[in-house]
Amino acid sequence: MPSIVRVAVDLALNREFDYLVPDALRDAVQPGVRVAVPFGAREVAGWVTSVLKSSERTDLKSVARVTGERPYLSAPLLALARWIADYYCAPLENALRTMLPATVRSKGEAFREERVIEPLPKSWPRADDWDALRRRSPKQAAALERLRGAEPLSARELLAAGVSDAVLRALAARGWVRIGKRNLRRDPLFGQTLLRTEPLKLNPQQTVALDEVRAAIDADAARVLLLFGVTGSGKTEVYLQAIAHTLAAGRDAIVLVPEIALTPQTIERFRGRFGDTVAVLHSHLGDGERHDEWHRLLNGQAHIAIGARSALFAPVRRLGLIVVDEEHEPSYKQNESPRYHARDVAVMRGHFEHCPVLLGSATPALESWWNAQKGKYRLLRMPQRVDDKRMPTMRVVDMRREAEQTGRMSIFSRDLLEAMQRRLIQTEQTMLFLNRRGYATHMLCPDCGYVAQCDQCSVALVYHREAGELRCHICGAVRRAPERCPECQAPTVKFTGIGTQRIEAAVRRLLPKARVARMDADTTRGRDAHRRILNEFRSGAVDILVGTQMIAKGLDFPNVTLIGVMNADSALHLPDFRAGERTFQLLTQVAGRAGRGALPGEVIVQTCSPFHPAVQAARRMDYEGFCDQEAAMREELGYPPHGRAVCIGFRGMDEARVRAAAEAFAAALQPGLAASVQVAPPGPAPLARAKGLYRYQMLLRAPLARSMTKPLNALLNTFRWPRGVSMAVDVDAMDLM
Ligand code: ADP
Ligand code: ZN
């Protein structure tokens with residue numbers, strides 16, 4: 001029976017406070033429960049993190065209230081929160097806040113009740129009386145027929161089926177049904193019909209992989225398995241059967257997919273196999289849906305959580321398996337505090353819960369591949385596509401030579417255009433991929449050299465022709481596109497650089513018979529827009545789909561036989577040590593969209609750097625060769641996977657203050673750093689200004705994260721932060737900020 005508890009209050013103070021537990025709350029208070037406590041003159045919410053025998057303080061206040069019937073955070077999740085706070089140099093409260101959806105933390109959402117109709121067949125008319133009932137009260141008879149053999153049914157469903165409220169009340173009055181209440185479930189998939197699927201008979205490579213995963217599940221051990229399987233090798237089927245095994249062992253599972261791959265198609269595959277025991281957690285849910293799905297997991301009504309990054313913290317009861325699909329995806333990194341990487345935290349959750357973690361990818365992150373090489377992760381390979389479907393062929397077109405030969409820079413190479421024409425004739429489908437939305441990426445004046453730039457960010461504005469606007473893709477600022485140069489008034493402003501709108505327009509011009517659709521952030525704003533565009537494409541109502549990374553991943557369209565990568569260089573020349581890896585992954589993922597059905601696939605990659613190692617390795621489909629080469633290069637530079645990198649960013653309105661703060665911080669940090677830590681001193685970030693804020697950064701590299709995070713945590717607690725400058729620590733930074 002606790003009498004004193006330690007509480008992390010929701011205030012990002014990075015400190016915990018002790019409180020007394022009043023007698024009335026003793027049964028309810030335990031680690032992981034949500035409480036309200038007095039704090040100064042107010043009352044704030046917080047989490048009980050531990051139960052104490054005594055406190056150093058004598059003037060303790062008392063816990064005011066307990067929220068919820070049971071702890072929202074289990075002991076392993078509390079331990080995980082501490083680990084996150086320490087490793088990612090973030091306040092514990094931020095880690096705790098990240099673990100719970102806002103709708104669960106706040107009192108904004110609660111369960112909603114609905115009426116249920118429970119049939120009481122024992123009191124129903126006997127067989128001989130039915131005819132009379134049908135004659136006298138046909139509606140009541142019909143309603144009873146519907147309820148025959150049924151479980152308690154939601155009144156909503158009966159009303160939707162045409163049974164009136166009056167009839168329901170009449171049935172209740174006669175004692176034939178009971179009208180009760182239960183929590184309404186706001187189901188994100190309400191009204192969708194799902195086809196139940198049965199487990200497929202696995203091929204030999206899947207069988208070997210699944211056996212290993214099953215053995216790890218049975219061993220209750222915190223093993224990490226890396227499933228390296230080409231796209232279409234049947235990884236998802238392995239996940240599904242591994243999860244079935246987990247459920248059969250009486251345990252729960254968590255499946256993480258990147259937000260962008262969290263398409264209805266993906267969710268349907270899991271719901272189709274496991275039905276209602278799947279709870280979906282992602283950012284497109286309504287608050288009520290998210291609240292209910294989360295509580296279904298907490299209450300043990302659902303046993304599989306599927307979602308993006310934050311589903312990792314799903315409150316499942318007895319975790320038996322975590323699956324991280326597309327584990328190389330950069331979107332697994334959260335870009336606000338705590339800046340955690342969901343794959344790495346999944347591995348830690350597995351550690352605290354003694355359960356295996358299954359990472360899957362066709363192009364594992366170099367870090368994961370390296371861990372497999374060192375024996376930390378168990379490597380499972382699935383090099384063949386299901387049914388031995390051939391991998392698509394990839395052709396690289398040198399756009400500089402193309403320009404020399406044709407005398408002009410064009411959007412489509414002759415090869416790609418001809419390949420598209422052929423698909424149209426054969427009624428096969430094409431996807432065109434470009435990682436830039438908008439029409440033109442720059443507006444410039446050829447007379448005076450003026451380039452339209454955002455006033456708040458150090459980037460050029462992007463021209464959106466449909467709206468006649470210039471938009472900043474960093475801060476969202478919008479301006480009307482001018483007809484004359486704002487500097488010299490010349491009427492000849494030009495729009496250069498290519499975005500998805502322009503590709504779409506070019507396809508419509510060059511192939512007027514083709515039915516074209518575009519999928520990017522601009523065309524998918526509505527809640528259902530995603531689904532609608534993909535369904536149109538799937539049904540064959542669209543021949544050519546133009547899109548950004550949204551179409552690069554996870555989609556499975558059997559009739560797509562051609563993929564055009566409009567410009568492979570866009571990712572290649574970013575100022576980031578991962579640029580080559582990203583390009584390789586992207587080309588390989590995109591290629592995986594082609595030839596999923598009976599017909600062979602073809603990929604045409606347009607680039608001005610045809611001999612870049614990442615492009616060539618992707619063309620040869622040589623993942624391991626690429627990794628060897630890339631790992632050797634990173635070793636020379638001391639970049640991950642050889643050691644760890646920490647990026648520290650500084651932001652503020654006043655550049656001089658930002659610089660001064662960065663330099664003061666670097667100077668204060670220096671004495672605490674071991675010789676093994678390499679320091680790149682503070683300087684302007686590659687994106688030097690965004691949303692009006694100047695950005696500086698410094699980079700630390702060292703063989704062990706600890707040698708950087710320990711002195712950082714110490715300094716963060718004591719450093720007197722100058723006004724007007726904020727800072728962010730990014731451990732294992734995925735991109736330089
Ligand atoms: P991946 O996740 O590796 O890209 P999928 O699991 O999506 O691959 O499998 C690709 C296709 O092959 C899917 O349509 C899937 O239903 C099918 N498939 C997977 N495993 C088998 C199997 N053992 N037998 C027949 N078809 C399979
Ligand atoms: Zn801007």
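Just the heavy atoms: all of them, side chains too, but no hydrogens, waters or symmetry mates, feed the values below. The residues of the chain are indexed from 1 along the displayed sequence. Order of appearance sets the numbers: ligands from 1, and atoms from 1 within every ligand.
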| said: Using 0.5 Å steps for rounding, measure from the CZ atom of R349 to the CG atom of L319. | reply: 5.0 Å
| Considering only protein heavy atoms, which is closest to atom 4 (O) of ligand 1, and at what distance to one decimal place? | G232 N, 2.8 Å
| message | Give the atom numbers and elements of ligand 1 that come within less than 4.0 Å of a heavy atom of K201. | response | 22 (C), 23 (N), 24 (N)
| query | According to the interplanar angle, ranging from 0 to 90°, do the rings of H473 and H464 count as parallel (below 30°), tilted (30 to 60°) or perpendicular (above 60°)? | reply | perpendicular
| Which of these passes side chain to side chain donor-acceptor pair (under 3.5 Å) with R273: Q241, E237, E268? | E237
| said: Suppose we measure from atom 14 (O) of ligand 1 to each protein heavy atom; which comes out shortest, and what is that distance? | reply: D556 OD2, 3.7 Å
| request: Pick whichever of Q206, Q241, K235 has a heavy atom sitting closest to atom 20 (N) of ligand 1. | output: Q206
| Close-contact set for ligand 1 against N203 heavy atoms, below 4.0 Å | 23 (N)
| said: For ligand 1, which is the ligand I care about here, please tell me if G234 has any N or O atom under 3.5 Å from one of the ligand's N or O atoms. | reply: yes
| remark: If you scan protein heavy atoms around atom 26 (N) of ligand 1, the nearest is V386 CG1, 3.5 Å
| request: Give every protein N, O or S atom lying under 2.8 Å from the Zn ion (ligand 2), naming each by residue and atom. | output: C454 SG, C457 SG, C472 SG, C475 SG
| How does V230 reach ligand 1, by side chain, by backbone, by both or by neither, if only non-hydrogen atoms under 4.0 Å count? | backbone
| message | Could you go through Q616 and R619, starting from their C-alpha distance and side-chain angles, then the distance that decides it, and tell me whether this counts as side chain to side chain donor-acceptor pair (under 3.5 Å)? | response | CA-CA 5 Å; Q616 283 301 323; R619 186 185 61 75; 3.1 Å; yes
| query | Using 30° and 60° as the class limits, which term best fits the ring planes of F584 and Y623: parallel, tilted or perpendicular? | reply | tilted
| query | Can you check whether G229 has an N/O within less than 3.5 Å of an N/O in ligand 1? | reply | no
| query | Would you say the side-chain atoms of S570 and N435 include a donor-acceptor pair closer than 3.5 Å? | reply | no
| request: Report yes or no: does a heavy atom of R269 sit under 4.0 Å from some atom of ligand 1? | output: yes
| side-chain contact (heavy atoms from CB on, under 4.5 Å) between Y450 and V493: does it pass, once the steps are laid out? | CA-CA 9 Å; Y450 167 86; V493 288; 6.0 Å; no
| query | How close does the nearest protein non-hydrogen atom get to atom 18 (N) of ligand 1, and which residue and atom is it? | reply | L200 CD1, 3.7 Å
| request: I would like to know whether F495 and Y439 meet ring-ring contact (aromatic ring centres under 6.0 Å, His included); could you show each step before the answer? | output: CA-CA 8 Å; F495 297 98; Y439 186 83; 7.7 Å; no
| Does the side-chain contact (heavy atoms from CB on, under 4.5 Å) test come out yes or no for V560 and E428, once each step is laid out? | CA-CA 6 Å; V560 172; E428 294 164 20; over 6 Å; no
| query | Should R578 and E367 count as an ion pair when the cut-off is N to O under 4.0 Å? | reply | yes
| request: Begin from the C-alpha positions of S233 and Q205 and carry the test side chain to side chain donor-acceptor pair (under 3.5 Å) through to its verdict. | output: CA-CA 9 Å; S233 59; Q205 64 176 12; 5.0 Å; no
| query | Is any side-chain N of the basic residue among R309 and E329 closer than 4.0 Å to the acidic one's carboxylate O? | reply | no
| remark: Nearest non-hydrogen protein atom to atom 2 (O) of ligand 1, with distance, is T236 OG1, 2.8 Å
